[in-house]
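One is the number of the first residue; the rest follow in order along the sequence.
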Amino acid sequence: MTDAQASSRSASPVPGRGLRFAVDTGGTFTDLIVGEPDGSVGIYKASTTPSDPAAGVLDALSIAAADAGEDLATYLGRAEIMVHGTTHAINAIVTGRTARTAFLTTKGHPDTLVFREGGRQDAFNFTVPYPEPFVPKAFTYEVKERLLRDGSPHIALDEAEIIALIGELKAAEVEAVAVCLLWSIVNPAHELAIGRLLDKHLPGVPYTLSHRINPSIREYRRAMSTCLDASLKPIMGAYMSGLEARLSSAGFDGRLLVVTSQGGVMDAAHVAGMPVHLINSGPSMGPVGARAYAPSASSDTLIVGDTGGTTFDVSLVRSGRIPRTRETWLGRPLSSHMTGMPSVDTKSIGAGGGSIAWVDSGGLLHVGPISAGAVPGPVAYGQGGTRPTVTDASIVLGFIDASFFLGGRMVLDREAAVEAIRREVAEPLDLSVEDAAAAIVGLATENMVQAIMGITVNQGIDPAQAAFVAGGGAAGINCVAIGLRLGCHTVLVPETGAVLAAAGALVSDLMAHHQAMFHTDSRAFDIDGANAMLEDLEGRCRAFAETTGVDPSAVEIDWSTEARYPDQAWEIEVPLRAGRFGGPDDVAALVTDFHKTHREIFAVEDPASAVETVGWNATVRCKIGADRPGRIRVPDSFEALARRPVYFAGTGWTDAVVHRFEALTEADTVTGPAIVESDFTSVVIDPDISARRDAMGTLVVDLRKVEP
């Protein structure tokens with residue numbers, strides 16, 4: 001075991017079949033949560049190896065095996081399922097390591113990826129160029145064909161021309177092909193014909209047909225998701241097969257599942273064939289984990305913050321549902337590329353424990369978005385880092401015990417952190433080291449608050465009516481400060497909060513999302529047409545469920561439609577009460593629900609207006625585990641944690657009591673200033689704030705000030 005690795009130090013589990021693993025690969029650490037046959041869980045962390053993400057997975061599994069007193073092969077031989085959340089797809093896109101991809105589109109429409117949807121960050125600044133198209137113009141090929149909007153052929157597809165074009169693709173040594181033709185969502189005949197010709201004349205080169213991956217009416221989004229999917233197939237196929245092979249050689253013969261952007265999981269082999277679903281693999285599980293641990297009575301709205309070493313991901317749970325969006329950008333909105341695929345609505349910023357603090361030439365302090373990552377890491381890690389981070393500042397302030405990091409398995413260098421903050425921040429700003437460190441944490445907090453505002457206040461949600469759920473290893477540093485700044489009434493820190501995404505993966509469902517386009521209007525609603533389309537969607541859902549081996553009684557289908565007011569530019573997703581329309585009353589219920597949803601999102605509605613429906617969605621969920629991850633096994637005894645001085649801005653150094661997270665019971669109340677510490681997180685309780693644990697083991701922090 002290296003210094004950068006640690007386990008939950010639970011009591012040795014009893015050997016038996018049915019271990020369930022959930023792994024989340026982050027930018028700094030790889031998190032592992034193990035579900036034991038008796039219902040308890042164990043938490044483990046290992047350093048991420050950026051050049052070889054699978055190595056971090058195997059390292060974390062080795063730590064868990066050692067904690068169980070078994071060799072890795074024996075331990076993995078007891079495994080039933082492994083769920084893997086990965087950033088491999090998004091990293092490939094961001095770093096430009098996707099496959100050389102050709103884009104085939106209808107003749108006359110080669111600029112879909114260039115024009116996008118016409119939006120700009122600054123509508124009056126025409127000197128800011130659009131980003132380069134995801135697929136270069138040199139690899140964009142026009143196909144002479146055309147279907148009309150009703151699917152009827154206007155210009156027939158010339159197969160001889162396609163065969164000649166495939167010869168050009170072969171000469172260009174393309175590694176993947178994306179095919180997106182006009183109105184293929186109504187009639188896919190031309191795309192299917194091109195697919196057959198690619199199979200015959202360009203064997204071994206993966207391709208994606210737009211009507212299969214994203215049957216959306218919006219051309220840019222459909223084209224982008226098609227190109228993304230095709231470009232990821234070679235690299236993700238190799239990664240999945242390589243991971244499966246390495247796990248198999250290590251002794252794992254269970255079922256390998258992968259987290260998708262929709263907040264569910266799929267079999268590795270299945271998702272390797274449509275890797276666009278993996279772009280937001282990691283962040284999608286934060287709200288799933290929060291929903292599993294948060295008490296139902298705590299709040300109707302949960303704001304979920306997942307703070308890792310590199311990023312801060314924020315999402316929501318509203319009335320038990322996790323909102324989804326189709327407007328997922330691969331960078332700055334309107335100035336980058338959009339995935340065009342439905343995914344859990346998350347917002348990510350470069351703010352985490354590893355975010356670097358720096359002072360610009362004008363004397364202004366910045367925190368992030370640059371991160372020290374896993375290599376070299378914060379200065380205190382002693383792995384070559386020289387620039388101070390949020391973690392270094394937290395050590396200086398006493399929020400993190402340098403001698404108890406990862407339960408004492410990794411000893412940090414506090415003096416190195418002090419010197420780095422003095423040199424890089426305190427002296428340039430003429431501050432004391434403590435005030436400089438407090439400013440670093442304070443600015444990181446404000447950056448996170450602004451990210452939360454974008455997904456709450458900007459969508460008509462009042463944070464004062466919500467509870468803040470803190471996840472991620474670095475979450476405890478400023479979760480109370482974030483909650484106070486937002487005006488939330490409660491902060492919730494699950495006992496597995498340090499691995500919140502992995503905990504969510506452990507309770508996630510096997511899931512597939514199917515969609516179709518069918519336009520109708522509430523003024524003359526086509527019930528028969530809508531029901532025929534819904535029946536087709538249900539058939540696809542049932543077909544997926546049959547491949548999973550899950551008991552039919554454990555299968556559920558969630559229905560929704562994408563609707564709008566007439567002449568409105570964009571649709572919103574509205575849940576359907578049932579999978580069929582029985583008559584006018586069901587249509588009226590849909591209209592009512594649309595108005596209500598529109599009011600919740602935009603704070604306005606038009607009850608007298610008709611409603612148009614454009615897209616229809618069916619998400620099939622196959623339950624493969626428990627609703628809750630389980631409780632951490634508590635050792636018989638703990639090492640005593642000593643009081644220590646902690647620095648609070650405005651208060652100064654304070655002698656704070658330190659509590660073991662796992663040792664607290666429902667009968668205990670913690671009053672700040674205090675630290676609640678586990679092997680994997682350190683929760684800072686501000687002065688005059690109280691906290692307790694609930695029946696699920698969650699630390700519930702009441703943000704109402706304690707009366708003196």
Side-chain angles (χ1 to χ4, degrees), residues 149 183 185-186 210-219 221-222 225 261-264 316 318-328 339-345 459-460 511-542 544 556-602 604-621:
R149 66 175 185 174
W183 295 112
I185 53 177
V186 179
S210 72
H211 76 276
R212 287 178 175 169
I213 198 68
N214 186 12
S216 167
I217 195 172
R218 301 189 183 279
E219 291 302 313
R221 301 185 186 197
R222 183 158 55 92
S225 55
S261 304
Q262 287 84 35
L316 297 172
R318 303 189 68 181
S319 302
R321 294 180 64 92
I322 299 174
R324 295 185 305 187
T325 180
R326 287 182 177 272
E327 297 193 9
T328 301
T339 69
M341 295 294 292
S343 64
V344 171
D345 192 1
Q459 295 187 18
M511 192 172 78
H513 177 80
H514 298 286
Q515 62 191 81
M517 191 200 76
F518 179 77
H519 180 272
T520 189
D521 190 308
S522 63
R523 290 167 292 195
F525 197 87
D526 185 352
I527 291 179
D528 291 339
N531 282 342
M533 180 272 309
L534 291 170
E535 183 177 1
D536 178 68
L537 286 176
E538 182 173 357
R540 290 151 65 182
C541 289
R542 298 297 179 192
F544 170 81
E556 296 180 355
I557 300 177
D558 294 335
W559 303 93
S560 66
T561 185
E562 293 159 41
R564 65 191 180 196
Y565 289 123
D567 300 323
Q568 201 169 17
W570 305 104
E571 300 83 34
I572 60 174
E573 186 172 348
V574 182
L576 296 177
R577 301 184 186 184
R580 297 290 190 279
F581 289 92
D585 288 346
D586 292 336
V587 177
L590 168 60
V591 172
T592 298
D593 292 344
F594 172 83
H595 293 315
K596 177 177 180 290
T597 305
H598 197 280
R599 183 176 64 253
E600 289 175 349
I601 297 174
F602 301 111
V604 295
E605 62 177 319
D606 184 4
S609 175
V611 174
E612 293 180 343
T613 58
V614 178
W616 302 79
N617 305 289
T619 301
V620 56
R621 302 177 183 276

* Judged by atom type as modelled, is there a donor-acceptor pair below 3.5 Å linking the side chain of S522 to the main-chain atoms of V611? -> yes
* Using a cut-off of 6.0 Å, state whether more than 12 heavy atoms not belonging to R599 lie near its atom CZ. => yes
* **Check: E600 and R318 side chains under 4.5 Å, non-hydrogen atoms** => yes
* Show your working on side-chain contact (heavy atoms from CB on, under 4.5 Å) between L534 and F518 and close with a plain yes or no. => CA-CA 10 Å; L534 291 170; F518 179 77; over 6 Å; no
* To do: Search all heavy atoms of Y565 against all heavy atoms of A610 and return the closest pair with its distance.
  => CD2-O, 3.5 Å
* Taking all non-hydrogen atoms of both residues into account, name the closest pair between R326 and G340 and its distance. => NH1-O, 3.7 Å
* Which atom of P215 lies closest to which atom of I213, heavy atoms considered -> CD-C, 4.0 Å
* Full working for side-chain contact (heavy atoms from CB on, under 4.5 Å) between N617 and E562 -> CA-CA 8 Å; N617 305 289; E562 293 159 41; 3.0 Å; yes
* Asked: What is the distance from atom CD1 of I601 to atom CD of E573, rounded to the nearest 0.5 Å?
  -> 9.0 Å
* With D521, which residues qualify under side-chain hydrogen bond (donor to acceptor under 3.5 Å, both in side chains), at least two apart? -> R523
* Structure fact -> Rounded to the nearest 0.5 Å, the CE atom of M517 sits from the NE2 atom of H211 at a distance of 13.5 Å
* Contact summary for P323 and L316, nearest pair of heavy atoms -> CD-O, 3.3 Å
* Asked: Do E605 and K596 meet the salt-bridge criterion of a basic N to acidic O distance under 4.0 Å?
  -> no
* Heavy-atom pair with the smallest gap, counting every atom of R222 and S210 -> NH1-OG, 2.8 Å
* **Smallest separation among heavy atoms of W616 and T613, with atom names** => CZ2-OG1, 3.2 Å
* Asked: What distance do L537 atom CG and I557 atom CD1 have between them, rounded to the nearest 0.5 Å?
  -> 9.0 Å
* Listed by chain and number, what are the side chain to side chain contact (heavy atoms under 4.5 Å, CB included) partners of V574, not counting sequence neighbours? -> T561, I572, L590, D593, F594, T597
* Asked: Are the side chain of H598 and the backbone of V604 linked by a donor-acceptor contact shorter than 3.5 Å?
  -> yes
* **Pairwise distance CD1(I322) to CD(Q262) - rounded to 0.5 angstrom** => 12.0 Å
* Asked: Quick check: does any side chain N or O of Q515 sit under 3.5 Å from a backbone N or O of N214, one acting as donor and the other as acceptor?
  -> no
* May I ask you to decide if F581's main-chain N or O and N531's side chain share a donor-acceptor pair within less than 3.5 Å? => yes
* **Test log, rule side-chain contact (heavy atoms from CB on, under 4.5 Å), inputs R218 and W570** => CA-CA 10 Å; R218 301 189 183 279; W570 305 104; 3.4 Å; yes
* Asked: Which residues satisfy the side chain to side chain contact (heavy atoms under 4.5 Å, CB included) test with E535, sequence neighbours excluded?
  -> R580
* Asked: Roughly how far, to the nearest 0.5 Å, is the NE2 atom of H514 from the CD atom of E538?
  -> 11.5 Å
* If we ignore angles and hydrogens, is there a donor and acceptor under 3.5 Å between the side chains of R324 and T619? -> yes
* Does the side chain of H513 reach to within under 4.5 Å of the side chain of P342, using non-hydrogen atoms? -> yes
* To do: Please round to the nearest 0.5 Å and tell me the distance separating atom CZ of R321 and atom OG of S560.
  => 7.0 Å
